[in-house]
Structures are given as structure tokens and as C-alpha cells.
Amino acid sequence: MRETYIPQEIEPKWQDRWERENLFKLRGNGEKKYILEMFPYPSGKMHMGHVRNYLIGDVLARYYRARGFDVLHPMGWDALGLPAENAAIKDGRHPAERTRENVAAFKAEMKSVGYSYDWEREIATCDPEYYRWNQWFFLKMREKGLVYRRQNRVNWCTGCKTVIANEQVKEGLCERCESPVEKRLMPEWAFRITKYSQRLLDNLDQLTEWPDRVTSMQRHWIGRSTGAEIVFEIDGKPGVSLTVFTTRADTLFGVSYVVVAPDHPLMAHLVTDETREKIAAFADEMAKQAAAQKKDEEPEKLGCFTGAYAVHPFTGKKVPVWAANFVVSDYGTGAVMSVPAHDQRDFEFAKKYGLPIHTVIAEAGQAPRDAAALTEAFADDGVLVNSEAFTGMTSADAREAIAKALAEKGKGGPVVTFRQRDWGFSRQRYWGTPIPVVYCDKCDPNHEGISVPESQLPVMLPKIDVTKVLTGRGEPPLAKVPEFLHTTCPLCGGPARREAETMDTFVDSTWYYARYLSPHLTTAPVDAETAKRMLPVDIYVGGPEHAVMHLLYFRFWTMVMKEMGLVSVEEPVKRLITQGIVNGPDGRKMSKRWGNVVSPRDIVSKYGADAARTFVMFAGPPEKDIDWSDAQVEGCARFLSRIWRLAFTHQKSARFAAPLGNEAGKALEIRRRVHQTLKTVTEDIERLSFNTSIARIMELVNFLTGVKPAGDAEEAAMAEAMRLLAAMISPVAPHIAEEISEAYGAADCLQIQGWPAFDPALAAKQSAKYAVQVNGKLRGEIEVPADMGKDDVLAAAKADAKIAPHLAGKTLKKEIFVPGRLVNFVAV
RNA sequence: GCCGGAGUGGCGGAGUUGGUAGACGCAGGGGACUUAAAAUCCCCUUGAGCUUGCUCAGCGCGGGUUCGAAUCCCGCCUCCGGUACCA
């Protein structure tokens with residue numbers, strides 16, 4: 001090796017050799033480890049967040065490969081999606097062209113960082129070879145009844161005359177044309193994910209290696225609640241009834257009004273001639289407001305009397321039916337019963353509109369509160385009052401009893417509901433997977449959609465004249481492509497029209513992990529045999545922003561694939577790592593707006609891939625956000641130079657292939673330090689504490705820098721130290737590690753050499769430091785042999801010159817002994 | 001709003017189950033080497049106080065539990081992610 005560390009010289013060399021030796025391919029034997037990072041949407045440029053995401057996976061892949069596992073570590077492209085289409089609307093470049101370029105740039109940048117991917121398994125979702133299987137899944141799931149048409153509320157831009165994404169709505173106006181945006185009901189395709197809600201919830205308990213925050217968020221998202229449905233007949237309208245859902249059936253006797261969503265489907269039956277116009281105006285206004293409302297603001301509660309009265313199922317009393325903006329039609333039943341005395345939202349609404357308030361729950365052991373004097377609702381559980389036969393029951397008992405009584409009367413009963421809704425997946429976009437459906441007036445007069453036969457897949461995205469088709473206005477883009485739109489009916493052969501909508505790109509990312517196993521298989525999306533061996537994914541790395549939606553869709557799809565016999569696991573991922581953001585040097589999120597974007601390309605060319613890798617892994621634990629810091633990267637580059645200099649300085653010791661054995665003195669100390677470091681580094685990597693594992697290596701390097709080996713034993717120990725150092729640093733800084741390993745006589749790459757084992761005798765601690773406290777305050781420290789027992793340690797502590805004065809003249813009340821760490825004397 | 005996180009020196013962070021707060025790195029200071037600078041190597045570096053060894057304070061804020069709390073509990077504050085058509 002040469003004297004100076006020049007990463008730009010050695011890095012491409014080793015990258016080429018790894019590729020030549022096919023080091024990152026699946027062997028097909030031994031214990032498997034599937035390490036996956038969330039694949040990128042190939043936007044303009046790779047940023048540091050990507051670098052970190054893939055690095056966490058890469059360090060683990062390299063570590064486990066060295067440990068002898070048969071590692072699968074693939075990469076691909078989540079290539080379809082809105083940004084490429086929006087860019088095309090602006091500048092007229094075809095999304096496919098732009099995507100192709102971005103992918104090439106991304107891939108080149110990834111290679112320069114030295115990621116250990118098996119590029120032969122690369123996939124791209126915009127490739128018909130991939131998206132045909134999205135279409136195939138659609139057909140199979142439709143057969144299973146998991147796909148259906150429904151009406152859904154969407155953002156409708158009144159200027160563009162098209163549906164736009166939430167993201168494109170800025171304060172109620174369209175981002176592009178600044179026209180007002182409305183909520184509008186539109187037909188769409190949906191997956192029946194709610195059929196799996198219970199299983200998605202139950203299985204969370206099995207996901208013990210997922211972060212609690214993720215499982216907790218999913219649990220809340222699914223939102224199982226047990227409650228009751230209650231049917232309120234509408235007075236004077238035989239056959240018309242409102243069903244409400246409540247988790248507080250115990251408060252049923254306190255109902256003073258019923259509230260429905262402004263666009264409730266039964267609204268036409270509720271309004272009277274006097275209220276019809278007023279309600280229509282109200283609903284219209286609320287639709288506009290819903291779209292304009294900012295997410296972090298709670299809208300003012302607004303209501304409007306519908307003119308109808310609901311009949312209480314037990315008392316027969318009539319209560320007014322109101323429409324209000326805080327009830328939404330697509331959650332629950334779109335109607336709620338209001339009990340102002342015991343629900344804060346209902347209370348505020350009742351006060352505002354002068355509606356009656358009845359107390360029906362009392363705090364246990366206390367008199368019921370006077371409804372007229374309430375300043376806020378009493379929302380806790382308690383004991384029922386003024387509730388006919390249920391008076392005196394506890395809330396919990398009453399919920400069951402009332403639900404049961406309702407069921408007996410045929411006025412509802414107990415139900416389980418989920419907050420989670422079905423997954424609407426059709427989009428009015430071009431750059432997505434065409435939905436394989438045609439409409440034929442003859443065979444399908446209700447336009448439910450005729451599935452395209454499997455033999456006709458893929459339904460290809462047509463070539464288009466970008467400036468004519470991608471305008472962002474009017475009907476979906478594909479509806480403007482006649483040669484795509486007009487086709488023949490698969491049933492009658494007559495003229496038919498293709499579905500012009502495409503699939504949500506979340507569909508692409510539900511099953512890509514399984515496609516890597518057999519990326520070019522033409523007979524099925526997944527090879528079931530390979531899947532049996534390789535799944536589940538052992539470690540999945542990605543951003544916490546995907547904690548809920550992507551990961552729920554991902555889990556849902558896996559359940560479906562299991563039912564289809566494609567995979568043999570029900571849960572796709574064993575261990576999940578959600579990594580934090582890489583912020584700019586100023587601590588703000590990297591963005592063009594702040595001018596704080598750091599490009600991986602610049603960093604690699606300036607400091608080398610190894611320094612960039614070391615910094616990213618050293619800056620903090622994987623799940624935490626980190627701030628970019630040029631000074632810290634320089635520090636990492638300096639650390640690598642120190643290693644290099646160390647290796648260069650002691651190069652002649654490489655003539656010793658192994659330590660001599662039976663070392664004493666300095667040679668023994670070197671070996672102990674090295675083996676102790678190897679032990680903690682290994683443990684740290686296993687628990688994903690990469691930053692501390694690097695810190696431990698830095699300590700070792702600092703120690704070795706001060707060592708001047710004299711004699712064979714010390715030189716041989718130094719040679720061993722350099723070899724183990726190279727191995728330890730190799731997952732993080734693989735290029736410099738290979739160079740040193742080679743200089744110290746290795747013929748094989750480090751991935752082949754394997755992860756070294758530490759010698760337990762050398763790694764064992766020789767002595768223990770005890771903190772000695774008196775009454776919880778630190779008063780001294782003693783160092784004793786590591787194997788000294790409790791009594792001896794306590795005696796030594798009491799005898800210590802610093803401790804004795806603090807105990808003098810006091811009575812010892814308690815002695816606390818924490819083995820290997822601390823002693824605390826409680827004395828008065 | 002709702003759901004989920006996070007907050008430790010000048011800065012990034014360390015501190016496996018409650019057990020010596022500040023490992024390691026950055027920045028800063030001092031020294032060695034050098035004609036000089038860079039590079040390198042060594043030492044110091046939470047704050048306050050003084051008698052330089054000790055005392056007190058200290059992990060977003062306010063309480064509590066405990067021999068002992070960054071860690072557990074209660075109540076706040078600030079920031080970040082998600083909120084179903086960004087991926």
C-alpha cells in the first residue's frame with residue numbers, strides 16, 4: 001500500500017473487483033438472510049436520505065454475508081407516479097424518458113457509494129414486465145371479491161375540471177390554477193382491505209421486531225372499536241330510519257338530538273319543504289369548507305336543522321335531526337346520536353344551538369350533576385341515572401345490557417367497527433398501471449366493467465403525444481388517447497371502451513419484495529418455491545413516513561398472496577427499521593428552498609465513499625434524524641486516514657500470519673484491547689447501534705496509534721490487530737478495509753474471509769470499577785478484580801479513604817450492591 | 001384536531017433491564033515537531049464557586065415514586081412524521 005490514503009484511487013478498484021467476483025449474488029445454499037430497503041421513487045437526484053436508507057441495509061448485508069449467511073440484497077425502482085407526470089405537464093417531456101434518465105443517474109450514484117446490490121435482480125415498476133402482474137392481481141382479486149366499485153369523496157378542481165391530489169390543494173385552492181377546490185363524490189375502484197382489518201390487527205402481536213411506534217400507529221389506524229348500532233325511526237316517515245354507531249350506548253337515555261353528515265344518503269327523506277333549500281345550501285357550503293380546511297385546524301362546528309325528528313328506541317320521545325360538519329358520511333354510519341351531558345363535542349354544539357342537555361351518568365357514589373349548571377361534559381364512565389330499567393348499572397354493564405336489549409327489539413345491537421376504510425386505488429392519471437377493464441354497452445349495460453382476460457395482459461400504457469394528453473385538465477389522460485380507449489369487448493367482440501383510470505402507485509410497492517426473488521418470471525408474479533425459502537424479508541429498512549399506509553397495504557397484499565398460494569408467509573417482514581431524516585447542516589430539512597441540499601456525488605468525490613458512509617452511520621442511531629455536517633465528515637475522513645497510516649506504519653509486521661500465543665505485557669494488552677473491541681463491535685452491530693460500534697473502533701485506533709511494537713510477539717499482535725480492524729470496519733468502510741486486508745496478506749475479499757470470532761479469554765474484563773455512593777450521592781470509586789464477591793467489594797468500599805469519612809459516626813441502614821457497577825450505603 | 005415520536009455540554013451524540021450523566025466525534029484552548037505553515041502527535045474542555053481538590057447545580061418545563069430517575073408515573077411546552085389521490 002502507498003503512504004497516503006487516496007480514496008478516489010482505491011474505491012473504484014474494489015467496486016470493480018466485487019462485481020467481477022459476483023460477491024453479492026445469492027448462493028442458493030446455507031441459511032438465508034433477506035435484507036431490503038424501501039425502493040426509491042427515482043426523482044431528479046439522489047439525496048442524503050437515500051444514502052442513509054440504503055447504507056443501513058448495506059452495512060447489515062455486508063455484515064451478515066461475512067457471517068456466512070446467504071444474503072439477498074436487491075434494488076429496484078418505484079418508477080410510476082405523480083411527480084413525473086406533473087413535471088411532464090410543465091415541460092412536455094415524456095415521463096418514461098425522464099424516469100429512464102433519473103434511474104440511470106441514481107444507479108451510477110449508488111454504485112459510487114459502494115452498495116453491495118445484486119443488480120441482476122433490478123426491477124422497475126414502469127416496465128410492462130412488472131405492471132402486468134399488478135393487472136393480474138387485480139383480476140384475481142376481483143374474482144375473490146376483493147375489488148369493487150364505490151363512490152368516494154375526492155378533491156375536484158373547479159378550474160382544471162379534474163380530480164387533484166390532497167398535496168395539490170393549497171388552502172382550498174388548486175396549486176396549479178388557483179381555482180377553488182370542492183369535495184365531490186366520484187365513482188372509484190377499491191380494494192376490500194377492511195375484510196382483513198381484524199387479522200391485520202391481530203398479527204401485530206407477532207411483529208415483535210417492529211418498532212412499537214409503528215405497530216402502535218397501525219393499531220390506531222385500524223381503530224377497532226366495540227359499540228352498538230342504534231336504529232332511530234324517523235317520525236312520520238314509515239320505513240325511513242337512521243342508524244347511528246356509538247361506543248357509549250350507556251348514554252342512550254341522554255340523547256337530545258341526532259346528527260347526520262351534510263351529504264348523508266337519506267337526506268332527501270329527512271328534509272321538509274321548508275328546510276330543503278337551506279340544507280342543500282348548507283351541504284354545498286360544507287363541501288367547500290371541507291376542501292379548504294387546513295389540516296391542523298379544527299373547523300368551527302356548524303349545524304343546520306333538517307326538519308326531521310328521530311324516535312328514541314326506548315322512550316319513544318322525538319328528538320330533532322341536525323346536519324353538521326363534524327359528522328362525515330364515509331366513517332361509521334354517517335350519523336351519530338348526541339348526548340351533550342356526556343360528550344364534549346356534543347356539549348359545545350348543544351350550547352351553541354340551544355339544544356337540551358340531560359344528565360344520565362353520575363360519578364360513582366355521587367349525586368348526578370345538574371345539567372343546567374354544567375360548564376363542560378362529563379365524559380367518564382359512571383353509574384346510570386334517569387335511564388329506566390338500566391338506572392343504577394355501571395357504564396360498562398349498561399353498554400352490554402342496552403346493546404342486548406336493542407337487538408331484542410330489532411333496533412340495532414352490539415357491533416364491532418373499524419376506523420380503517422377500504423383502499424380506493426383508481427387515479428385519473430397517465431403514469432400508472434392501466435386498470436384492465438373494458439366497458440361494453442351491450443354486454444355490460446350498467447357499466448360495472450368487464451375484466452380483460454388474463455391472456456390479453458398486459459394492457460400496455462400507450463405511447464402518447466405528451467403536450468396533448470398530459471394537460472392536467474379535464475378527463476383522465478388515457479381518455480384522450482383514442483387508440484387506447486377504443487377496443488373490442490372480450491365477450492361479444494363488439495366495440496368497447498377501456499377503463500381510462502390507472503392504479504395508485506401504492507399497488508406497485510405492495511408486492512415488489514416478492515418479485516426480486518424471480519424478477520423475470522413470465523408465468524407468475526412470484527416463484528412460490530423460491531418464496532418458500534427466501535421469505536419473509538428478514539430486515540426491511542425505510543422511512544417512518546411509511547409506517548402506516550404502505551406497510552398496511554404491504555401486509556394486506558401478503559395475506560392475499562398467501563391465500564393464493566404464492567407465498568407461504570402471512571407477514572412479509574420480520575424486523576423493521578425506520579430510519580430518521582438527514583437534515584441540512586442548518587438542521588432544517590434538506591430542500592432547494594433552503595439551499596441546504598448536500599449531494600452524495602459531491603461528497604463521494606471530495607471525501608470518498610468510505611468517509612461519507614462512516615459519517616452517515618456515525619452521526620446517530622438509525623431511527624433518529626441527523627444533521628449533515630461537513631466538519632464531521634472531515635473528521636471521519638481523518639479517522640480513516642489514521643487507520644491507513646497505522647496500517648502503513650506497521651506493514652512489515654504483516655509477515656506474521658498469526659499471533660505467537662502466550663503473550664505477556666504489551667503484546668497481551670494489544671490483543672486484549674483488540675478482542676474486547678471486536679466483541680463490543682459485534683454486539684453493537686447486532687443491536688443496530690452502528691454509531692457506537694464506530695466509536696469503539698475509534699477508541700481502538702487511538703490506542704493503537706500510541707503503540708510502538710518491539711519484538712516479534714508485539715509485531716505479531718499488531719498484525720492481528722490490523723487484520724481484525726479491517727474486518728471490523730468493513731461493513732461501514734469496505735473499500736479501505738479491503739485495501740488493508742490485502743496489504744496484510746489476504747488473497748480473498750473480506751466478504752469471503754468471514755466475520756472474525758473474538759477470543760473470549762482475551763475479551764474478558766480483568767477488573768471492575770465500582771461507583772461508591774453514600775445516600776445516593778457519588779463519593780468515590782474503587783477498582784477491584786472482576787471476580788470479587790459482594791462482601792469483599794463492600795468491605796473494600798467501606799475501607800476506601802474517600803468513603804470512610806462519610807460513614808464515620810453514622811448508622812448503616814442499608815447496603816445496595818449492583819454487581820460490576822455500584823455500591824450505595826444508606827446511612828443516618 | 002386526531003394518532004405516533006423526539007427533546008442530554010458551544011454542536012452531533014453516548015448512557016442494553018432505574019445504578020458513576022457527557023463515551024466517541026466536531027468546534028475551541030494549550031503544548032510538541034517545523035525556519036514557518038499545513039499535516040501529524042500529546043494534553044485540556046458541562047456550568048458555577050472557591051482553598052485545584054473538592055462542593056453545589058445540571059438531561060425541554062413543573063410535580064411525584066425510589067436508597068438511587070435522562071430512564072418509571074402525572075401535568076405542561078416546543079419540534080418532527082402520518083392523517084387515506086406525494087411516495
Side-chain angles (χ1 to χ4, degrees), chain A residues 38-41 43 78 80-83 86 152 154-155 163-169 188 211-221 223 293-299 326 330 419-429 504-506 508-509 543-550 552 578 580-581 583 587 589 615 618-621 623-636 638-639 641-642 645 683-684 687 689 691-692 694-699 702 705-706 769-781 813-818 820-827:
Chain A
M38 290 179 185
F39 66 168
Y41 177 83
S43 54
D78 188 13
L80 294 166
L82 190 58
N86 284 344
N152 193 39
V154 294
N155 299 309
V163 178
I164 61 171
N166 280 342
E167 198 190 47
Q168 297 171 302
V169 183
E188 69 170 9
D212 288 342
R213 54 176 165 163
V214 174
T215 48
S216 175
M217 279 164 84
Q218 293 205 354
R219 200 165 271 123
H220 283 104
W221 183 270
Q293 178 205 332
K294 285 185 220 159
K295 277 179 180 172
D296 49 354
E297 270 176 16
E298 194 179 6
F326 62 83
D330 46 7
R419 200 190 75 100
Q420 182 179 34
R421 305 203 296 264
D422 278 333
W423 170 14
F425 66 90
S426 45
R427 302 286 183 266
Q428 292 68 40
R429 314 263 179 248
D504 181 3
T505 54
F506 265 125
D508 307 331
S509 53
E545 67 273 22
H546 295 295
V548 174
M549 300 184 63
H550 162 64
L552 271 174
T578 50
I581 298 167
N583 289 318
K589 202 166 179 163
F615 165 72
F618 181 61
E623 69 277 7
K624 253 189 106 162
D625 291 355
I626 59 176
D627 294 347
W628 184 262
S629 158
D630 278 320
Q632 290 272 1
V633 182
E634 277 175 42
C636 290
R638 226 160 23 230
F639 161 62
S641 297
R642 277 159 72 89
R645 210 171 307 118
E683 288 164 356
D684 282 357
R687 68 184 177 101
S689 185
N691 53 335
T692 55
I694 295 167
R696 295 292 88 81
I697 296 173
M698 286 172 170
E699 280 174 307
N702 289 344
T705 301
K769 269 188 191 161
Y770 278 84
V772 185
Q773 299 182 338
V774 178
N775 293 331
K777 279 206 188 301
L778 182 71
R779 296 299 178 189
E781 190 180 81
K813 292 193 72 177
K814 206 171 174 182
E815 295 172 331
I816 287 139
F817 175 76
V818 183
R821 314 212 85 176
L822 167 141
V823 169
N824 185 16
F825 297 113
V826 184

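Chain letters run A, B, ... following the sequence lines, proteins first, then strands; residues in each count from 1.
Relative to the side chain of A:Arg779, the nucleotides B:rC56, B:rG25, B:rA84 differ in distance, and B:rC56 lies closest. Residue A:Ala165 has its side chain nearest to B:rC86 when only B:rC80, B:rC86, B:rA87 are considered. If you check B:rG19, B:rG82, B:rA84 against the side chain of A:Gln420, the one that comes closest is B:rA84. For A:Phe618, counting side-chain heavy atoms from C-beta on, the closest listed nucleotide (B:rG25, B:rA87, B:rC26) is B:rG25. For A:Ala695, counting side-chain heavy atoms from C-beta on, the closest listed nucleotide (B:rC85, B:rA23, B:rA87) is B:rA23. Of the candidates B:rU20, B:rG4, B:rA84, the closest approach to any side-chain atom of A:Arg421 belongs to B:rA84. Distances from the side chain of A:Met217 to the nucleotides B:rG19, B:rC3, B:rC86 place B:rC3 closest. The side chain of A:Pro621 lies closest to B:rA14 when the candidates are B:rU20, B:rA14, B:rG4. In the set B:rG13, B:rC80, B:rU20, B:rC80 carries the atom at the smallest distance from any side-chain atom of A:Ile581. Picking from B:rC11, B:rG19, B:rC56 the nucleotide with the shortest atom distance to the side chain of A:Arg821 gives B:rG19.
Under 3.5 Å, the side chain of A:Arg429 and the base of B:rC85 form at least one donor-acceptor pair of N or O atoms. Side chain A:Gln773 to base B:rG68: no donor-acceptor pair is found below 3.5 Å. With hydrogens and angles ignored, a donor-acceptor pair under 3.5 angstrom links the side chain of A:Gln428 to the base of B:rC85.
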Strictly under 3.5 Å: I want the nitrogen or oxygen pairs between protein and nucleotides 38-41 of chain B, one per line.
from, atom 1, to, atom 2, distance (Å)
B:rU40, O3', A:Arg645, NH1, 3.1
B:rC41, OP1, A:Arg642, NH1, 2.6
B:rC41, OP2, A:Arg642, NH1, 3.4

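Applying the 90° criterion around 0 to the glycosidic angle, B:rG9 comes out syn.
Taking the C1' atom of each, B:rU83 and B:rA14 are spaced 35 Å apart, rounded to whole Å. A distance of about 12 Å separates the P atoms of B:rU46 and B:rC24, rounded to the whole Å.
Considering all non-hydrogen atoms of both residues, A:Gly580 and A:Asp625 come closest at CA-OD1, 3.3 Å.
There is no side-chain donor-acceptor pair under 3.5 Å between A:Thr505 and A:Arg429.
The distance between atom CD1 of A:Ile694 and atom P of B:rC26, rounded to the nearest whole Å, is 13 Å.
A parallel orientation is assigned to the rings of A:His550 and A:Phe506, their planes being inclined by less than 30° (bins at 30° and 60°).
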TODO: Report the secondary structure of RNA chain B in dot-bracket form, marking unpaired bases with a dot and bases paired to a different strand with |, and treating Watson-Crick or G-U pairs with both distances under 3.5 Å as paired.
DONE: (((((((..(((......[....))).(((((.......))))).(((((..)))))..(((((..]....))))))))))))....

